[in-house]
Structure formats: C-alpha cells, structure tokens
There are 2 protein chains.
Amino acid sequence: MSSNARPLSKKKIRQENERLILDAAEKVFAEAGFGGATMQLIADLAGLPKANLHYYFPTKESLYRQVVQTIFQDWLKAADIFDAAPGPVEGIGAYIDAKMEISRRHPAGSKVWASEVMHRAPVIQDYLETTLVEWTEDRMQVIQRWIDAGQMDPIDPRYLLYMLWATTQHYADFGHQIETLNDGKPLSNEQWEDAKNSVKAIILKGVGARPSKGT
Amino acid sequence: MSSNARPLSKKKIRQENERLILDAAEKVFAEAGFGGATMQLIADLAGLPKANLHYYFPTKESLYRQVVQTIFQDWLKAADIFDAAPGPVEGIGAYIDAKMEISRRHPAGSKVWASEVMHRAPVIQDYLETTLVEWTEDRMQVIQRWIDAGQMDPIDPRYLLYMLWATTQHYADFGHQIETLNDGKPLSNEQWEDAKNSVKAIILKGVGARPSKGT
DNA sequence: TTTCATCTTGACCATACGGTCAGGAAATGA
DNA sequence: TCATTTCCTGACCGTATGGTCAAGATGAAA
C-alpha cells in the first residue's frame, strides 16, 4: 500500500538511527568487549555506513558510554519494587523476578555492564561512586528495617544484596555456560521458571523471611 | 654473596620466562579483555621485549589459550572437596570456602574466565562440552544422593550449582564494584570472613542442609 | 522557489597493533 | 676448543581500525 516512501521527518530519522546504532552497539560490545568491538561491525549490524555512526556519535568511546549509561538506568529501575513491598517475601521475591526477567530479555546489556565493572569501570566510575552508593545504602536500610521488625534473620544486608545481584545476573553473564550444560539449548520457559523459583526458594528460606501478616 | 651471575640453565630460563609471561598475560587479559590487551602491554609488565613473547608463544591467541586452560584446571580442582564430604553441610561449606578463597587470591584468573564465557567461549568451547559437562553431572549426582538420603531439601542440583558459582565468583568478577561500595577500600580480613559466612549461612539454611549424624 | 540546516557516504589518513626476521649472544655437549 | 642448539631483540612490515572530510542528497522554513 504505502510502498512509496513518505519522507521521514528529520526528528524521526535521528531517533530511528540512534536507536539502530545503540541496539547494534550493545550487542557487539557484549559479544566482543570494548576492545574487540569495531565500528565497522556495529555499522554492519545496524545497516548503516560507518561514517554515519561517527555523525551521531563522535567517537567509539562516546557510543560506548551511552550504551553503558542506558543499562545502568534499567539496572537501578529494577528495584523500585523493593521499596513498596511490605516485607522481605514480597520485596526480595519481586526483585529476583525482575532481575531474572532482565537477564532473560536483555542479556547483552547485562554482559556489557559486567564487562565494564570487571575492567574497573573506566567510563562510569563516577556513577558508581555517587548514584550506586546512594541506591545501595537506601536498599540496605529497607532490609535493615525488615530485620529490626523481626521479618527475617539478622544478616548483613550488604552481603544479601551482593548475593541477589550475583545469582540473577549469572543467568545472563554466564548464559552460554548454562546453555552448554543444557545440551546446547537455551533454557525453556519451564526451566526459567524452575531457575527463578529455586533462587527465590533458597534465598527466602536462607534469610528466614517470614510472610508479613495482615491482608 | 653470590652477586656474580651464575649462568642460568636453559631449562630454568624457559620456565622462568614462561612464568613471567603467563602471569603478566593473566593480569592484562583480565584488566583489558582479549581485544583490549596488547602484546606490548604484556611484555612491559613481564619486563621482556615484545619479540621475546613471540618466541615463547607464537601468537596472542596461543598465549591466551594457555592462560585460560590453566585457570580452567584450578576451577575444576576446587571441587575435589565436594566428593569426600559426608554431607551437604561439609561439602557445600567447604566448596564455598575454596571458591571464595580463589576469588580472593586469584581475581584476575576469575575475570579472564568470566570474560571467556561471556564471549561464548571462543577458545575453550570444547572443554566446556566435555570436561565441564562431565564434572557437572558428577557433582549433581552427589547432591542428588544427599537429597535422597534426606540430608537436604529436594532442590534441582543444577540450580544450586549455578548459585554456588555465581555467589562466589561475584566477589572476584565484581570486586571493583564491591570495593567502591566499601569506601573504595578492599575488603578487610574480617569482611571477607563475614562475606564467606553470610554466603554459607544463607545457602546452607536455604537448602535445608542437615548436619550429618555419626562421628 | 529559494535558502538553510540536517543528514549521508565513499574515499582517505595516521596510527597502533600483531607478527616476522636476521643477526648476535649465551649456554651446552663433544 | 669448537660446533650446535637455544635464547634474545631491534628494526621492520602489512593490515585493520578509529576517525576525518568534502561534496552531495534530503527534508524544513520562508
């Protein structure tokens, strides 16, 4: 029907192309690392000439920075649930659900993040020192309140958070290893459910989480 | 005393230099990734001219392969304890101890391994498919026996293993993040103890591990 | 229609990197 | 002492890569 090309507005063009480039970049950075990724590879995957990438993102580093920042936002957002919860069963449970879902839907993003941190966070160290530190302290207080209220065992909230991050992100970062151990096939729907439930069951029981009373 | 240089035997020289190169390579690969690492950087860290590296290791890839294989061996060896244990409390506990110790003492190795797997294991995929698969099946059987003997809750051993790997390696792979959240300082001895004990406490309680009876 | 800003891209450049090599030094063994 | 093997290394090379640029195409605004 509308096979005749209706001229795209400049604004749309920009949005569209930046989207294309960022998506391609995330994948390539995830699979090859910052050093191993090439602008040419990203350009090919995005279906654009290389020079065009440099029009939207002056340097490889600026493109990478943009990718990592976006991922960092998602990372933080996943924990909004945490605060609204009445107790650890709901809060921790929902957080695990959310992070497992991210690992499943956006493994590339998780890998880029892992890579960035493993390399001592060359581009987002300032974020770690400000935003992440604040964020972590807030969540630690929430957990501490649950402990004080007798809703779970007295465990240093710090190490519980690390455990939550580790167990959930593992399914993205080490997805290839898990796949190999699953006869080379990706986890099925049921397997993802099992994994999620296993993680939740072990951790919730492990911290002695007691269901909140009331409605 | 023996300040006059006694000529080094060829054999010693070879051993010594290969050691120097492998150690330097592990660090550089860990910090920069395969793509980001340069032979020049490794050479500088090892204190040798670049051409000398190529004398001992023909290509960058062969050097990298050697590094990864060595790490893989350590990885597997850490689980010998597992088999000898009479029950989950001892077995899982000792395994966590061992892997936490590795994360602490050889974080670079852990990072290289993580990086390799994240990039879909380009150089050791065959090892994953053979050795790792066998290894994993063996450990899963051990866990299953504990379950059948009523020594712990019925949990799919697969997901328990993933959890053990994830939680312990996290302290190496994300060590920089953890350090940042610790006022920029490395974990102290006591903090490492706390971390280790937290992990053990949560997981052992979480899987309902019951101390083995008898002596 | 005309003007202007934005977008597109093939061709090009400088650099850095993995890898080579030839010629010499040093240990080994007879 | 004299071959022979092993080790060492500065200089060099081809290629791949990040980045530039100038000239043109395309939509926006008047």
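Only a predicted model underlies this, so the values are computations on that prediction, with no experimental measurement involved.
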>> Reading DNA chain C from 5' onward, which residue's closest nucleotide shows up sooner: Ala37(B) or Ala51(B)?
In response: Ala37(B)
>> Using a 4.0 Å heavy-atom cut-off, does Ala43(B) contact any base of the nucleic acid, only the sugar-phosphate backbone, or nothing at all?
In response: nothing
> Rounded to the Å, how far apart are Ile42(B) CD1 and dC17(C) P?
Replying inline: 12 Å
>> Between Lys196(B) and Glu193(B) (salt bridge meaning N to carboxylate O under 4.0 Å), is one present in this structure?
In response: yes
> Looking only at side-chain N and O atoms, does Asn52(A) come under 4.0 Å of OP1 or OP2 in dG10(C)?
Replying inline: no
> Any side-chain donor-acceptor pair under 3.5 Å between His170(A) and Gln169(B)?
Replying inline: no
> What is the distance from CD1 of Ile21(A) to P of dT8(C), rounded to the nearest Å?
Replying inline: 9 Å
> Does the dG19(C) base have a donor-acceptor partner in the side chain of Lys50(B) within less than 3.5 Å?
Replying inline: yes
>> On DNA chain C, compare the nucleotides closest to Ile13(B) and Thr59(B); which residue's is nearer the 5' end?
In response: Thr59(B)
>> Expressed as a whole number of angstroms, how long is the span from Gln40(B):CD to dG19(C):C1'?
In response: 13 Å
> So, do Trp113(A) and Phe72(A) have ring centers that fall under 6.0 Å from each other?
Replying inline: yes
>> I need the NZ-P distance between Lys11(A) and dA28(D), as an integer number of Å.
In response: 11 Å
>> Whether Glu18(B) and Arg14(B) form a salt bridge (side-chain N of Lys/Arg under 4.0 Å from carboxylate O of Asp/Glu) is what I want to check.
In response: yes
> Starting at NZ of Lys10(A) and ending at C1' of dT8(C), how long is that distance when rounded to a whole Å?
Replying inline: 9 Å
>> For a quick test of reading the model: is some side-chain N or O of Tyr55(B) closer than 4.0 Å to OP1 or OP2 of dC7(D)?
In response: yes
> Are any of Arg14(B)'s side-chain N or O atoms less than 4.0 Å away from OP1 or OP2 of dC7(D)?
Replying inline: yes
> Nearest-Å distance, CG (Leu20(A)) to C1' (dC7(C))?
Replying inline: 15 Å
> If you look at every heavy atom in Met118(B) and Lys111(A), which pair is closest and at what distance?
Replying inline: O-NZ, 3.6 Å
> Does the side chain of Tyr56(A) get closer than 4.0 angstrom to OP1 or OP2 of dT6(C) through an N or O atom?
Replying inline: no
> Rounding to a whole Å, what distance do you find between Glu16(B):CD and dC7(D):P?
Replying inline: 14 Å
> Whole-Å distance between dG27(D) C1' and Asn17(A) CG?
Replying inline: 14 Å
